[in-house]
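Here is the structure we will look at.
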Amino acid sequence: MKNREIADLFTQMADLMEILGQDSFRVNSYRKAARIVGELARPIEDLAAAGELTTLPGIGKSTAQKIEAYLKTGSLTQLEELKAQAPEGLLDLLRLSGLGPKTAMRLWKEAGITSLQDLQQAFEKQDERLALVHGLGPKKMRQLWESLMFIQSAGSRVRLGDADAVMADLVASVAAANDGGRVVPAGSFRRGRETVGDLDLLAEADAQRAEQVVHAFTAASNVRKVIAAGPTKASVQLAGGLQVDLRVVPADSFGSALAYFTGSKSHNVRLREIALKKGLKLNEYGLFEGERRLAGRDEESIYEVLGLPFIEPELREDAGEIEAARAGALPRLVRLDDIRADFHMHTVASDGACTIDEMIQACRKRGYRCMAICDHSASEVQANGLKADRLLQHVRDIRQAAKACKDITVLAGSEVDILKDGSLDYDDSVLAELDFVVASCHSHLSMAAPEATPRIIRAIEHRYVNCIGHPSARLINARAGMEIDIARIAQAAAANDVALEINAHYMRLDLRDTHVRAAVQAGARIVINSDAHNTEELSVMRFGVTTARRGWATPDDVINTWPVKKIRQFLARKR
DNA sequence: GCCGTTTTCGGCCCGACTGTTTTCAGTCG
């Protein structure tokens with residue numbers, strides 16, 4: 001699957017074209033194409049083979065031809081031509097904050113600097129060529145130097161779960177200075193993306209109070225550096241390197257500002273276009289007809305005046321949500337309070353930290369009516385996986401503990417390894433003793449799609465398998481995991497009454513959002529599991545729900561929301 | 001380069017902050 005690869009090529013083209021000062025609308029169209037291809041769940045090869053590339057929004061004849069040529073030849077002539085016109089190292093310069101295409105061009109043309117390395121050397125030698133670059137004063141130089149040092153020490157985007165803890169503290173700090181005015185997260189964090197590049201925070205305050213709100217923000221305990229601070233807007237860098245932007249707006253504009261700063265950028269562009277067609281103007285201060293404000297206090301009013309139902313933040317990616325809204329076809333997304341079950345958690349029997357009873361009590365406290373305990377199977381030696389005899393004893397222990405709790409159905413299960421060839425880690429006679437089987441890959445994780453997909457499908461077709469755990473086995477920011485053909489896997493799952501897991505741990509979120517959407521479209525059932533190794537970790541369920549929402553999943557799609565009777569019927573269909 | 005309820009050409013979202021200017025360009029979101 002070359003989706004990511006091709007998306008990166010288009011991004012490179014857009015960056016180079018921008019540096020070369022080419023038409024900005026063409027640049028944007030390449031950026032859009034990169035986004036569309038990058039977020040596609042189906043392999044781009046399949047669409048190309050079927051001649052369906054131009055059915056994608058933002059992909060026209062010309063872009064389709066480039067994709068087809070690249071798939072055929074492995075290179076992209078237009079990109080090579082651009083690279084011949086500008087040194088490739090210039091692209092890296094764009095990673096510096098405060099340095100855009102114009103400055104990159106000037107560094108090259110006016111000082112002969114064409115890479116991060118060149119720039120660093122020029123700084124270190126206090127090269128006089130730098131003084132020749134128009135628009136580069138002492139402050140800008142200092143900013144670029146700091147940014148250069150930063151990208152050398154900092155990593156990539158921050159995982160949603162890590163950002164979540166930081167965000168909670170910041171909201172508390174700012175809210176304490178805002179006399180009850182609203183303080184809420186916006187940006188990709190609010191949309192629930194699996195990683196965030198920065199954090200956005202919005203506060204409601206009048207002009208008088210705005211100053212103290214901005215001050216409370218820039219003075220928050222974990223702020224390392226104040227990047228910018230005006231009367232209504234400020235940016236800081238936290239100790240961990242994460243950048244946070246705050247905007248302060250009056251109550252009348254709070255809703256429009258929230259919509260604006262939640263994005264995504266492309267969703268906003270669509271909203272503005274709709275506004276324009278109605279002769280209106282939409283910005284962060286409201287929706288206006290001439291000077292008259294028609295909406296802005298809350299998000300709902302913006303959508304309403306634009307003639308649309310409210311669109312949930314998780315859907316705002318310009319991935320069909322506007323069209324669905326117009327057609328009245330938006331899904332009723334699953335919510336955390338719909339969740340009444342968790343089917344994947346570990347105990348001290350394998351590598352968990354809590355006992356069966358402790359996990360049961362914690363699930364009861366969360367209001368669940370059904371749960372499954374699924375410890376590791378024999379092959380997971382490092383995780384103290386259970387050999388068959390220990391598993392059978394463990395099953396008896398779970399059933400014994402379950403008897404004491406009438407208000408929750410406790411299923412005895414296992415997280416069984418899917419071996420390299422797609423077979424399972426226990427014999428059928430052992431699996432037959434279990435109520436719930438999660439089958440997961442824990443080894444041979446660098447498999448490409450042609451091997452990985454049949455491996456997983458073989459497990460799906462297995463008589464005793466109820467669920468495929470973390471299907472790609474990726475770890476965000478740490479391991480790419482297996483390439484999987486989600487369309488084929490979802491089709492097999494739907495046909496075999498197997499649920500596909502969204503592993504809710506924020507390191508995994510696997511299935512990822514685009515996979516969930518493809519799975520739901522193919523009619524597969526989704527199960528959201530915490531994979532908790534202690535009672536505390538049951539709370540990661542919320543990240544899984546967010547991912548399910550980003551995948552357009554409804555309560556009906558997600559078996560965790562079902563009554564126990566319906567869950568039992570689903571499991572019984574397997575055998 | 002894409003696209004169409006003003007369609008095959010002519011548009012394509014808009015404002016805040018900074019640093020360098022000498023009235024504004026560049027960057028960012």
Side-chain angles (χ1 to χ4, degrees), chain A residues 10 13-14 17-19 21-36 53-67 78 93-107 131 133-144 147 186-191 196-202 210 214 218 226-236 243-249 253 256-288 306-307 318 323 326:
Chain A
F10 285 145
M13 284 189 70
M17 288 167 69
E18 212 166 15
I19 289 172
Q22 298 186 7
D23 178 40
S24 62
F25 297 110
R26 290 181 65 194
V27 171
N28 274 338
S29 74
Y30 279 110
R31 292 209 191 285
K32 183 172 184 188
R35 184 176 63 82
I36 297 294
L53 287 172
T54 53
T55 63
L56 296 171
I59 308 286
K61 205 170 148 193
S62 165
T63 309
Q65 278 172 356
K66 291 186 178 73
I67 294 171
Q78 291 83 355
L93 289 176
L94 300 179
R95 290 165 55 204
L96 297 177
S97 109
L99 195 159
K102 298 280 190 290
T103 314
M105 180 67 150
R106 285 197 175 134
L107 282 170
V133 180
H134 188 77
L136 259 196
K139 287 199 173 177
K140 196 81 192 170
M141 297 258 231
R142 168 133 204 97
Q143 181 191 11
L144 293 184
S147 179
S188 51
F189 180 86
R190 181 166 181 244
R191 301 201 311 281
V196 298
D198 63 13
L199 293 179
D200 297 282
L201 202 53
L202 187 68
V214 170
T218 56
V226 178
I227 298 165
T232 62
K233 178 177 170 176
S235 295
V236 300
Q243 181 172 326
V244 191
D245 300 326
L246 170 77
R247 287 292 292 253
V248 186
V249 296
S253 300
S256 43
L258 184 57
Y260 187 87
F261 293 111
T262 295
S264 68
K265 199 171 175 178
S266 38
H267 178 85
N268 286 348
V269 168
R270 296 291 306 277
L271 292 187
R272 277 173 196 281
E273 285 170 3
I274 293 170
L276 273 176
K277 285 200 178 123
K278 291 180 180 289
L280 309 176
K281 186 177 80 164
L282 177 62
N283 59 28
E284 59 262 56
Y285 298 109
L287 182 54
F288 297 92
L306 291 179
D318 187 23
E323 291 74 10
R326 278 187 168 139

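We name chains A, B, ... by the order of the sequence lines, and we start the count at 1 in each one. Model, not experiment: these values are computed from the prediction.
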Give me the distance, rounded to whole Å, that separates B:dT7 from B:dG11 when you measure between the C1' atoms they each carry.
12 Å

Determine, for A:D318 against A:K265, whether the closest basic-nitrogen to carboxylate-oxygen distance falls under 4.0 angstrom.
no

Watson-Crick or G-U wobble partner of B:dA25, both distances under 3.5 Å
B:dT18

Suppose you measure atom P in B:dT5 against the same atom in B:dG1; what distance do you get, rounded to whole Å?
23 Å

By nearest-heavy-atom nucleotide on DNA chain B, the more 5' of A:G135 and A:T103 is A:G135

Can any side-chain N or O of A:T218 pair as donor or acceptor with the backbone N or O of A:V226 at less than 3.5 Å?
no

Let me spell it out: for each of A:N28 and A:L99, pick the nucleotide of DNA chain B with the closest heavy atom. Which residue's pick is nearer the 5' end?
A:N28

Side chains of A:Q243 and A:S235, heavy atoms from C-beta outward: is any pair under 4.5 Å?
yes

Scan A:R142 against the nucleic acid and name what it touches under 4.0 Å (heavy atoms): base, sugar-phosphate only, or nothing.
nothing

Over all strands shown, is A:F261 touching base, sugar-phosphate only, or nothing at heavy-atom distances under 4.0 angstrom?
nothing

Between the side chains of A:R31 and A:E18, is the shortest nitrogen-to-carboxylate-oxygen separation below 4.0 Å, so that they form an ion pair?
yes

Rounded P spacing from B:dC12 to B:dT6 in Å:
15 Å

Using atom types as modelled and distance alone, determine if a side-chain donor or acceptor of A:T262 lies under 3.5 Å from a backbone N or O of A:A186.
no

Salt bridge (Lys or Arg N to Asp or Glu O under 4.0 Å) between A:R270 and A:E323: does it pass, once the steps are laid out?
CA-CA 10 Å; A:R270 296 291 306 277; A:E323 291 74 10; 3.0 Å; yes

State, with a plain yes or no, whether a side-chain heavy atom of A:V196 is found less than 4.5 Å away from one of A:R191.
no

Applying a 4.0 Å non-hydrogen cut-off, can you work out what A:T232 is touching in the nucleic acid: base, sugar-phosphate, or nothing?
sugar-phosphate

Within the structure shown, what part of the strands sits under 4.0 Å from A:A275 by heavy-atom distance: base, sugar-phosphate, or nothing?
nothing

Between B:dG15 and B:dT22, how far apart are the C1' atoms? Round to whole Å, please.
23 Å

At 4.0 Å (heavy atoms only), tell me whether A:K278 reaches a base, stays on the sugar-phosphate, or touches nothing.
nothing

Chain A vs DNA chain B, heavy-atom contacts under 4.0 Å, first-to-last nucleotide span, 5' to 3', is B:dG1 to B:dG29

Sugar-phosphate only, base, or nothing, as touched by A:L96 at under 4.0 Å among non-hydrogen atoms
sugar-phosphate

Check every strand shown and say whether A:D198 touches a base, only sugar-phosphate, or nothing at a heavy-atom separation below 4.0 Å.
sugar-phosphate

Whole-angstrom distance between B:dC13 and B:dG29, as gauged at atom C1'
12 Å

Determine whether a donor-acceptor pair (N or O, by modelled atom type, separation under 3.5 Å) exists between the side chain of A:K140 and the backbone of A:G98.
yes

Determine the Euclidean distance between corresponding P atoms of B:dG10 and B:dC17; express it in Å to zero decimal places.
38 Å

Distance between the C1' atoms of B:dT21 and B:dG26, in whole angstroms?
12 Å

Base, sugar-phosphate, or nothing for A:K281, non-hydrogen atoms under 4.0 angstrom?
sugar-phosphate

